Amino acid sequence: MTSPFSLDGRRAVVTGAASGIGAAIALAYAAAGARLVLADLNAERLAQQADACRARGAAVETVTADVGEEAGADSIVARCIEAFGGIDVLVNNAGMLTQARCTELTAGMWDEMMRVDLRSVFLCTRRALPPMIAQRWGRVINIASQLGIKGGAELCHYSAAKAGVIGFTKSLALEAAPHNVLVNAIAPGPIETPLVDGISAAWKAAKSAELPLRRFGLAEEVAPTALLLASDPGGNLFVGQTLGPNSGDVMP
Ligand code: NAD
């Protein structure tokens, strides 16, 4: 019997796939039988990640591009259509994190956060939707953050961008579901990736202590949620949801 979580032959784009959660999602999708377009700014790490996915039997294309720019976002989705004849799954995962109190946030920091963590989600999705709608099958999975739900001190701009991702997800889910294109978000809790490398060990220890699970998550513990949402029949009834692999930090 075919696994309810199979992605056999599905054509998937994963942005920010060179590192952390995106890299883990790419590996999980490769193992589940997907064909992949992996995109990132970091060409060297992207090439390594593509090889790791090929070692799991996947056909993989890479695109070095900036997801926050129209040309970059368009080129990523276009590569999938050129290479594989269409697109079935889009994972909007690329993101960045900076930290400052609101009064110290510059307009430039604010704008860059919105560009990379929110505008990119709109740009990549806008390009991917028409072919998904035409084939009456598609999945868009947006990596938000629990900070978009609960907020975080010194993270007004990041929390606002991620709350925007969740709002975008719900609105688009309403538009797209009648076309059998399902749009959902994942709002991870703290996950051990290079994104949080800059945070002090003391802060991490204090944060871990307040988590019901008493520890940060790992990227490979988030990836199966993205596999569930992409799979058929596994993900068939999720519409506009925000799933929370978060060590118990937020309970909606
Ligand atoms: P990461 O830094 O390990 O990986 C992010 C990847 O995105 C990097 O490879 C980076 O090069 C790429 N990227 C950044 N800006 C880009 C751009 N403009 N164009 C193309 N690629 C770009 O981080 P991660 O922790 O794996 O984060 C992945 C996603 O998960 C992000 O959206 C992040 O906000 C979210 N998230 C992370 C955590 C966490 O604790 N690590 C928690 C909640 C949500």
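Everything numeric here is computed off the predicted structure, so don't read it as measured data. Start at 1 and go down the list; that is how both ligands and their atoms are numbered.
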For the CD atom on Glu210, are there more than 12 heavy atoms of other groups (residues, nucleotides or ligands in this structure) within a distance under 6.0 Å? yes

Check whether any heavy atom of Ala65 sits under 4.0 Å from an atom of ligand 1. yes

closest protein heavy atom to atom 13 (N) of ligand 1 is Ala94 CB, 4.1 Å

What I want to find out is whether Glu221 reaches Arg215 closely enough, with some N-O distance under 4.0 Å, to be called a salt bridge. yes

Pick from Val121, Asn92, Asn93, Val165: the one approaching atom 28 (C) of ligand 1 most closely through a non-hydrogen atom: Asn93

If you look at every heavy atom in Ser145 and Ile166, which pair is closest and at what distance? O-CD1, 4.3 Å

For Val116, which part has a heavy atom under 4.0 Å from ligand 1: side chain, backbone, both, or neither? side chain

Could you list which atoms of ligand 1 come closer than 4.0 Å to a heavy atom of Ile143? 29 (C), 30 (O), 32 (O), 35 (C)

With no hydrogens and no angle check, is any side-chain donor or acceptor of Asp117 less than 3.5 Å from a backbone partner on Gly95? no

Within a distance under 4.0 Å of any heavy atom of Gly20, pick out the atoms of ligand 1 and give their elements. 3 (O), 26 (O)

Determine whether a donor-acceptor pair (N or O, by modelled atom type, separation under 3.5 Å) exists between the side chain of Ser208 and the backbone of Arg214. no

Non-hydrogen side-chain atoms of Lys150 and Asp249 separated by less than 4.5 Å: yes

Looking at atom 5 (C) of ligand 1, what's its closest protein heavy atom, distance included? Gly95 O, 3.8 Å

Starting from atom 21 (N) of ligand 1, which protein heavy atom do you reach first, and at what distance in Å? Leu41 N, 3.5 Å

Which is closest to atom 24 (P) of ligand 1 by heavy-atom distance: Leu38, Thr193, Asp66? Thr193

Atom 43 (C) of ligand 1: which protein heavy atom is closest, and how many Å away? Pro188 O, 3.4 Å

Taking only heavy atoms of Gly189 into account, list the atoms of ligand 1 that are under 4.0 Å away from them. 40 (O), 42 (C), 43 (C)

Within 4.0 Å of some non-hydrogen atom of Lys162, the atoms of ligand 1 are 31 (C), 32 (O), 33 (C), 34 (O)

Within a reach of under 6.0 Å around NZ of Lys170, are more than 12 heavy atoms found that belong to other residues, nucleotides or ligands? no

Protein residue, atom and distance nearest to atom 19 (N) of ligand 1, heavy-atom basis: Val67 N, 3.1 Å

Give a yes/no verdict on whether any heavy atom in Tyr158 is under 4.0 Å from an atom of ligand 1. yes

Tell me whether ligand 1 is touched by Thr15 - counting only heavy atoms on the residue side and a distance under 4.0 Å. no

Nearest heavy-atom approach of Pro212 to Met251 is CG-CE, 4.5 Å

Identify the closest protein heavy atom to atom 8 (C) of ligand 1: which residue and atom is it, and at what distance? Asp40 OD2, 3.5 Å

For Gly16, atoms of ligand 1 separated by under 4.0 Å from a heavy atom: 6 (C), 7 (O), 12 (C)

Minimal non-hydrogen separation, Met113 against Leu97, with atom names: CE-CA, 4.1 Å

Atom 23 (O) of ligand 1 has as its nearest protein heavy atom Leu195 CB, 3.3 Å

Side-chain touch Val181/Trp137, heavy atoms, less than 4.5 angstrom: no

May I ask you to check if Arg115 and Trp110 form a cation-pi contact, with NZ or CZ under 6.0 angstrom from the six-membered ring centre and within 45° of the axis? no

Give the numbers and elements of all ligand 1 atoms closer than 4.0 Å to a heavy atom of Ile21. 26 (O), 30 (O), 37 (C)

Would you mind running through ligand 1 and noting each atom that sits below 4.0 Å from a heavy atom of Pro190? 40 (O)

Would you find more than 12 non-hydrogen atoms of other residues, nucleotides or ligands less than 6.0 Å from Arg101 atom CZ? no

Atoms of ligand 1, numbered as shown, that sit under 4.0 Å from any heavy atom of Val196: 40 (O)

Are Ala219 and ligand 1 in contact, using a heavy-atom cut-off of under 4.0 Å? no

Please list the nearest protein heavy atom to atom 3 (O) of ligand 1 with its residue and the distance rounded to 0.1 Å. Ser19 OG, 2.5 Å

In terms of hydrophobic clustering (I, L, V, M, F, W, Y; side-chain heavy atoms under 4.5 Å; direct or indirect links), are Ile87 and Phe84 co-clustered? yes

Looking at Ile149 and Ala187, what are the two nearest heavy atoms and their distance? CD1-CB, 4.1 Å

